[in-house]
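Have a look at the structure below before the remarks.
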Amino acid sequence: MSAGAYNFAYLDEQTKRMIRRAILKAIAIPGYQVPFASREMPMPYGWGTGGVQVTAAIIGPDDVLKVIDQGSDDTTNAVSIRGFFVKTSGVATTTRTDAATVIQTRHRIPETPLAAGQILVYQVPIPEPLRFLEPRETETRTMHALEEYGLMHVKLYEDIARHGHIATTYAYPVKVAGRYVMDPSPTPKFDNPKMHRSPALQLFGAGREKRIYAIPPHTDVVSLDFEDHPFSVQEFDAPCALCGAEGVFLDEVIVDDAGGRMFVCSDSDHCEERRAAGHEGTLAGAPAWSGAAAAAATEDAS
Amino acid sequence: MALAAGFADPVFQSQATFRAVAAAMAEPGHAVALAAGLVPPAGLLATTAAVLLTLVDFETTVWLDDRLARTPEVADWLRFHTGCRITRDTDAADFAVIAEAGEMPPFSHFPQGTAEYPDRSATLVVEVEAMTAAAGQLLTGPGIEGAARFAAIPLPDGFWHAWQENHAAFPLGIDLVFCSPDAVAGLPRSTRPIREG
Amino acid sequence: MYVAVKGGETAIRNAHDLLADRRRGDRAVPDLTLAQIVEQLALSVDRVMTEGSLYDRELAALAIKQARGDLIEAIFLVRAYRTTLPRFGAGEPVDTGAMRIERRISATFKDLPGGQLLGPTFDYTHRLIDFALAAEGETAPPAERQPAGEETPRVTDLLAAEGLVETSLAAAPEAEPGDLTRAPLEFPADRDLRLQNLARGDEGFLLALGYSTQRGYARSHPFAGEIRFGEVEVEFFAEDLGFAVPLGRIAVTECQMINQFKGSAKVPPQFTRGYGLVFGQSERKAIAMALVDRALRWQELGEELTAPAQDEEFVLSHSDNVQATGFVEHLKLPHYVDFQSELELVRRMRREQAAARVEEPGEDAREAAE
């Protein structure tokens, strides 16, 4: 069967309506996980089927789509999902954060601040923030209903007692609009502050777990913490080795078998734009994988 | 008698309508322009008709207010184009269509959702003549940067008091979509009316 | 410049070309036809139809071919296709009592109306590799007997006539059965949805769970009251005609498990049931399904929750192999960002621990002394 046999953006109209109704309820109840009749998609569960269904339900011919995985447009799964939408909807795509109207992401929020009118669609593996404390859906549903989040605070406090600080580094739980505790998907906690009062609409799709949730623009998103142990984000010792950016999330790249490594922007578009604008890191222009680069990288990272 | 047509291009018209409604719900009280692009059945605004074609199908139950219920063309048109169930029972409504805003039943008559499933609540689609952000009730909440004004004409007396009660039950409550002849505006349950001195 | 993540598009295309090549294998070997798969790998086809929850032998065969014989991959292909099909409604319940029987056995009665009919089965074969199959040569046609035309009532109906087994719960006959592909599963789930989930569930997962009930994890004293395999008529009630229209015949395997039950304050001692129904000839799956169905009914029958097979959330949330394989295999996807976060944390914690050691050099010694 050819792609031509499928509807625009793959999903049939009835499925889109069902998802659209769920999205509207999700927007109306920020942070609450709306159950939806997730469909089997032509890619595996756990590989972005929730995000793909949300994007397919909202996207139109005037949209410009950006797809990232781990912050990068070029990772294989991002390429695959972008290709899926190009094939099934023919929409324009971009790698530029500021040129996109819809951005589907796995594990990162772009470094370039989002603007009003943009929609950020997250792929979510486990939407329930309480799932690792309580595996039963019947229990966690009641906990949300009663706004009973003591267990989460106990868990975070146990971290502090044991390690001196909270040991959750990604999928760090947040409270949305003062009511629901929400899983931000496995983004690094570094990205949590970007969710707070963002002018963009943030939609979350969990296909296998059949949940959709949302954060409307300008909504309070507060990372859980304690007065004596306030929330803080990761800090990197050195700027990006390619573009010199500071205050961004960096990927560690191992460049040789002697422990040599370099740190580069996780957000590849942000990095490229900075370099195009003339910003340089210590390794800008260095040939990939050369011994010199590796040596320099080792020094830089220390 | 011939039924009014639906969308000429259902895929793209419903997508555009959905995005307008989603933008309206995401930014409460902000009127989002909507060119419905269809000829509605007598008694219904084109914008309302577009919103219903976009969101309603055989999995949903629609309640029509008295005025619309007296116009059989509306129910016939809805059934034909969407396959939805039509009800006279406010308790059963997933969507309620209200052509006479001044006569709308209390919000509490519609499904409010449950503590476990607050999403199982009604969405009211309310027709108004005009909407403005230049004056009116001061609103705040998710989707609103600081505070924003919103007025719709006509609204019944005590509307904002009733809305405050609806909001106070958050996360339970109904959500509301206003349709004027050329725009939609959203009022989700998360929106709080600010009482001014 | 560092460009390791570039070129994804070309890499993906090349990988898929290579997959197509490997799927075809040695071009000197004739290409598999769908008819060959349908006819000669019929039990694979049955499993793919059952867990794919779509009765279409050709399509299942194509999926098996496309998946290089990986049945879970084939099930996934069928599911992804199924979900795009338009839906007209639910069929009428199939009448397995009126089955055109190919195999029918009861482990509870030596003889019974309709008789025991072994049919095509691996049972009582000696599991010796048959090297003759590797050689060319035709299989002789089997002995055939004209059907006696005798009625073959279900064993459970015979027992029910005496009140010895619980009656089949014909819930509200006009109620539409639930469909977990159209509405997300909620807990607690009714039996219709549980059975749908089990019918689509992974054969291996249900087999292990069913097995666990036999080994004492929620033991239910099961007897295979009856296992029957054959063709049943599928009918659809057409609203505009006002009567049920036959759509065709499908092959199914049904297992009626009969379980001991001591009775409760309200119910006299009688046998209870576990039920399994699958497409094609999939007896292992049907039996395992019936065992798990019975285990999941603990609450309704006033039993205690003691074992995994009884735990509805555990069983129903993990039975679907398309969901399971997707999430398990998604670990192949890049996780650089979360891993980087954890790497940073572990390094920090190691630094902190090392610093603490330096500050209190005597502590280890003291601890050792204590």
Side-chain angles (χ1 to χ4, degrees), chain A residues 1 6 12 15 35-42 44-47 49 69-72 74-80 83 106-108 125 135-138 163-164 167 169-171 186-190 208 210-211 234 241-242 249-253 262 264 266 268 283-288 293, chain C residues 1-12 15 76-87 179-188 311-314 317 320 322-345 348-349 352-353 356:
Chain A
M1 192 172 252
Y6 293 102
D12 57 280
T15 297
F36 81 111
S38 174
R39 303 291 195 242
E40 267 110 355
M41 297 298 285
Y45 284 118
W47 298 53
T49 56
D69 188 338
Q70 314 294 305
S72 165
D74 295 309
T75 37
T76 42
N77 206 43
V79 169
S80 164
R106 175 171 174 264
H107 293 197
R108 273 314 306 278
R136 279 176 204 283
E137 168 72 13
T138 38
H163 307 295
T169 58
Y170 63 94
T187 48
K189 68 175 182 176
F190 180 89
R208 193 177 37 76
K210 302 177 168 54
R211 299 288 185 272
Q234 292 104 325
L242 297 179
F249 195 82
L250 301 178
D251 278 344
E252 181 170 339
V253 181
M262 63 194 280
V264 298
S266 141
S268 57
L283 291 183
Chain C
M1 207 168 67
Y2 169 64
V3 289
V5 295
K6 292 276 185 189
E9 219 147 329
T10 316
I12 290 173
F76 180 15
L77 289 169
V78 169
R79 289 266 195 95
Y81 177 74
R82 177 193 193 271
T83 198
T84 65
L85 298 176
R87 223 152 282 244
D179 182 351
L180 55 81
T181 69
R182 309 306 284 179
L185 196 58
E186 251 177 62
F187 300 109
D311 188 328
E312 175 179 291
E313 276 207 34
F314 178 79
S317 302
D320 191 300
V322 177
Q323 290 177 4
T325 203
F327 201 46
V328 166
E329 293 197 53
H330 109 287
L331 291 171
K332 293 184 281 192
L333 286 180
H335 285 79
Y336 319 136
V337 167
D338 348 356
F339 186 69
Q340 188 60 48
S341 301
E342 292 289 87
L343 207 53
E344 191 262 351
L345 177 70
R348 181 147 60 104
M349 284 170 28
E352 285 166 3
Q353 195 191 43

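Predicted model only: the values in this text are computed from it and were never measured. Here is how names work: the chains are called A, B, and so on, in the same order as the sequence lines, proteins then strands, and each is numbered from 1.
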| Any idea which of A:Met41, A:Arg211, A:Arg106 has the most non-hydrogen atom pairs under 4.5 angstrom with chain C? | A:Arg106
| request: Please round to the nearest 0.5 Å and tell me the distance separating atom CG of C:Leu345 and atom OG1 of A:Thr169. | output: 6.0 Å
| remark: Between A:Pro35 and C:Pro184, the two heavy atoms sitting closest are CB-CG, 3.6 Å
| request: Check whether C:Phe327 gets within reach of chain A through its side chain, its backbone, both or neither, counting any heavy atom under 4.5 Å. | output: both
| What pair of heavy atoms forms the shortest contact from C:Glu313 to A:Thr138, and how long is it? | OE2-OG1, 2.6 Å
| query | Does the pair C:Val337 and A:Tyr170 meet the rule for a side-chain contact (heavy atoms from CB on, under 4.5 Å), with working shown? | reply | CA-CA 8 Å; C:Val337 167; A:Tyr170 63 94; over 6 Å; no
| Between A:Gly71, A:Pro188, A:Ser266, which residue shows the highest count of heavy-atom pairs closer than 4.5 Å to chain C? | A:Pro188
| chain A contact via C:Leu77 - side chain, backbone, both or neither, heavy atoms under 4.5 Å | neither
| query | Taking A:Glu137 for the side chain and C:Phe187 for the main chain, is one N or O donor matched with an acceptor at less than 3.5 Å? | reply | no
| said: Counting only non-hydrogen atoms closer than 4.5 Å, does A:Phe36 touch chain C with its backbone (N, CA, C, O), its side chain (CB onward), both, or neither? | reply: backbone
| said: Give me the atom names and distance for the closest heavy-atom approach of A:Lys210 to C:Leu180. | reply: CE-O, 4.5 Å
| query | With a 4.5 angstrom heavy-atom cut-off, which part of C:Asp311 approaches chain A: side chain, backbone, both or neither? | reply | side chain
| field | Shortest non-hydrogen contact from C:Asp338 toward A:Gln70 | value | OD1-OE1, 4.3 Å
| remark: Taking every heavy atom of A:Tyr6 against every heavy atom of C:Thr84, the minimum-distance pair comes out as CE2-CG2, 3.7 Å
| query | Counting N and O atoms only, with roles assigned by atom type, does the side chain of C:Gln340 sit under 3.5 Å from a partner on the main chain of A:Glu252, one being a donor and the other an acceptor? | reply | yes
| Engaged part of A:Ser80 at the chain C interface, taking heavy atoms whose separation is under 4.5 Å | both
| What's the spacing between C:Phe76 CZ and A:Glu40 CD if we round to 0.5 Å? | 8.0 Å
| request: Count the heavy-atom pairs under 4.5 Å between each of C:His335, C:Glu352, C:Arg82, C:Gln353 and chain A, then report the option with the highest count. | output: C:His335
| request: Can you tell which part of C:Glu344 gets under 4.5 Å to a heavy atom of chain A, answering side chain, backbone, both or neither? | output: side chain
| message | When you compare the side chain of A:Asp69 with that of C:Pro334, does any pair of heavy atoms fall below 4.5 Å? | response | yes
| note | d(A:Asn77 CG, C:Ile12 CD1) to nearest 0.5 Å is 7.5 Å
| query | To the nearest 0.5 Å, what is the distance between OG (C:Ser341) and NZ (A:Lys189)? | reply | 8.5 Å
| field | Under 4.5 Å from any heavy atom of chain C - which part of A:Arg136 | value | both
| With a 4.5 angstrom heavy-atom cut-off, which part of A:Asp251 approaches chain C: side chain, backbone, both or neither? | both
| task | Considering non-hydrogen atoms only, spot the tightest contact between A:Arg39 and C:Thr181 and give its length. | result | NH1-O, 3.3 Å
